[in-house]
Amino acid sequence: MESNFDKKQNLKERLEFVRFYSRWVKSVPNEVWSKQQTDFINSLFENAVNYPFSPEKYLKSLKK
Amino acid sequence: MELEIEGKYIFLRNKVVSKLDLFVIDFIKILEKYTDYVIVSGYVSILFGRSRGTEDIDIFIEKMDFQTFKQLNDELRQKKYWFLNAENPLELYEMLNDKLAIRVAIQDTVIPNIEIKFTKNMIDRDSLQKHMEVKIDRESLNISPLEIQIPFKLYLGSDKDIEDAVYLYELFGEHLNKEKLKQYMDLLKVQGSNYGIEF
C-alpha cells in the first residue's frame, strides 16, 4: 500500500520544533525546563514497569 | 538554561532531577568503583533537556579483567540489579570481550536499562579518555565530548539521532570547538549542512 506520508517533510518539521525548543530551554532558568521535562520523563518511567515482555523477548525485539 | 562550562566541566545547577537521572546516577555510583566510564548517545541530549524518553542508557567502559568484572557483577546483584542477557558472569564477560553489549536493569524490570560495552575503536576510546564531566549539584556524570557526540549521532542517522545532534548543536553553539567537531565529522564521514550543522 502506498502512503502519502512525506518522511523528509516530517523530519524538517520536527527539526524546526527541536530548534524552537532548544531556544526556549536556553532562555529559561534550569528549574523551569527541567521541571517540565522531569514531569514528562517521570510519567514514562512509571509506565515502564508495565512493559509486558521478559528480558528474552525484549532482547529479541532489539535484533529485529 | 544556566550553562557554565569550565574546561572539561559543565555545571547544571538547580536542575530538577528526574527518575531517569536518579536511575543513572545510582548505577554510576557502583560502576565507577570498578572502572572508567563514559555515557554516550541519547541520554546525553536528555540530560540537557531534550524532551523525549529512552529505553536504554549507553555506556562505554575501559576493558577490565574478569576478576574485576565479577566484583562489579556481585555488587550489582546484591543491590537488586539483574543482567538481561545471561545469569553467568563469565558468559557476560565473554560477551563484552566479543564486542557485544550487556544490559543491566533493576531486578524484575526491563526498561529502562543500561547498555554497557567495552571501547572497541579510536572514537570510543576518545569518548572515554576525553570525556566531559557534568556536575548536577553534588552529583557528577561523565559524558562523551559534544564534538564527538554530534557527529556520532549524525553517523547513526535515524530521525531521532539527527534530532539529538541538532538539539545539542543548537544548545551548545558557541561553546563547541568547531575544529574538533570538523575533525570527528570527517573521521565519521558525516555532513551536517542539510540540518544546519555547518561552520
Side-chain angles (χ1 to χ4, degrees), chain A, chain B residues 1-4 11-23 43 45-56 82-87 101-106 108-113 115 136-137 158-160 162-173 194-197:
Chain A
M1 193 175 83
E2 255 188 60
S3 162
N4 289 329
F5 185 70
D6 186 339
K7 282 172 88 175
K8 237 178 171 176
Q9 183 62 23
N10 181 56
L11 177 61
K12 197 177 155 202
E13 285 167 11
R14 291 185 61 89
L15 290 178
E16 273 168 26
F17 173 72
V18 166
R19 289 189 192 97
F20 167 83
Y21 179 75
S22 70
R23 283 197 295 276
W24 177 76
V25 168
K26 277 166 101 169
S27 72
V28 296
N30 287 344
E31 293 97 323
V32 176
W33 66 261
S34 60
K35 169 75 175 68
Q36 282 196 26
Q37 190 213 29
T38 288
D39 289 346
F40 172 65
I41 287 180
N42 283 357
S43 67
L44 296 175
F45 196 95
E46 280 152 23
N47 204 32
V49 294
N50 299 323
Y51 184 76
F53 296 133
S54 63
E56 293 76 23
K57 274 197 174 165
Y58 171 71
L59 294 171
K60 215 172 164 187
S61 75
L62 293 175
K63 284 180 188 158
K64 283 182 184 165
Chain B
M1 175 177 279
E2 299 128 306
L3 204 56
E4 293 167 54
F11 295 89
L12 258 186
R13 298 185 206 282
N14 305 318
K15 180 188 191 298
V16 179
V17 174
S18 71
K19 289 184 178 177
L20 183 66
D21 295 325
L22 289 174
F23 171 72
Y43 179 69
S45 54
I46 294 171
L47 183 62
F48 293 108
R50 178 119 146 77
S51 57
R52 73 167 179 89
T54 186
E55 63 186 51
D56 53 14
W82 69 342
F83 289 88
L84 305 184
N85 314 77
E87 278 284 319
I102 60 170
R103 290 175 184 263
V104 187
I106 290 167
D108 300 327
T109 70
V110 173
I111 293 173
N113 59 71
E115 185 186 313
I136 311 161
D137 298 322
S158 74
D159 285 3
K160 180 188 70 182
I162 293 165
E163 289 165 23
D164 283 349
V166 169
Y167 181 75
L168 291 173
Y169 181 78
E170 295 287 330
L171 200 67
F172 283 91
N194 285 349
Y195 316 112
I197 299 177

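Order of the sequence lines sets the chain letters (A, B, ...), proteins ahead of strands, with each chain counted from 1.
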Answer yes or no: is there an ion pair linking [X] with [Y], defined by an N-O contact shorter than 4.0 Å?
{"X": "Arg14(A)", "Y": "Asp159(B)", "answer": "no"}
{"X": "Asp164(B)", "Y": "Arg52(B)", "answer": "yes"}
{"X": "Arg13(B)", "Y": "Glu4(B)", "answer": "yes"}

Under a 4.5 Å heavy-atom cut-off, does chain A meet the side chain of [X], its backbone, both or neither?
{"X": "Ile136(B)", "value": "neither"}
{"X": "Leu3(B)", "value": "neither"}
{"X": "Arg103(B)", "value": "side chain"}

Heavy-atom closest contact (Arg50(B) atom, Lys160(B) atom, distance)
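Nearest pair, atom of Arg50(B) first, then Lys160(B): NH2-O, 3.7 Å.
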
Does the gap between the ring centers of Phe48(B) and Phe172(B) come in under 6.0 Å?
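Ring centres of Phe172(B) and Phe48(B) closer than 6.0 Å.
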
Who wins among Leu12(B), Asp21(B), Thr109(B), Ile106(B) for the most heavy-atom pairs under 4.5 Å with chain A?
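Looking at each option in turn, the highest pair count goes to Leu12(B).
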
At a heavy-atom distance under 4.5 Å, which candidate from Ile162(B), Leu168(B), Asn194(B), Leu171(B) has the highest pair count against chain A?
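It is Leu171(B).
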
Segment of Gln37(A) engaging chain B (4.5 angstrom heavy-atom cut-off):
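Side chain of Gln37(A) only, per the 4.5 Å heavy-atom cut-off to chain B.
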
Is it the side chain or the backbone of Gln36(A) that comes within 4.5 Å of chain B heavy atoms, both, or neither?
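It is neither, since no heavy atom gets under 4.5 Å.
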
Non-hydrogen side-chain atoms of Glu115(B) and Glu55(B) separated by less than 4.5 Å
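SC-SC contact between Glu115(B) and Glu55(B) ruled out.
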
Just give me the residue among Asn10(A), Leu44(A), Val28(A), Val32(A) that pairs up with chain B most often, heavy atom to heavy atom, under 4.5 Å.
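Going by pairs under 4.5 Å, I would pick Val28(A).
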
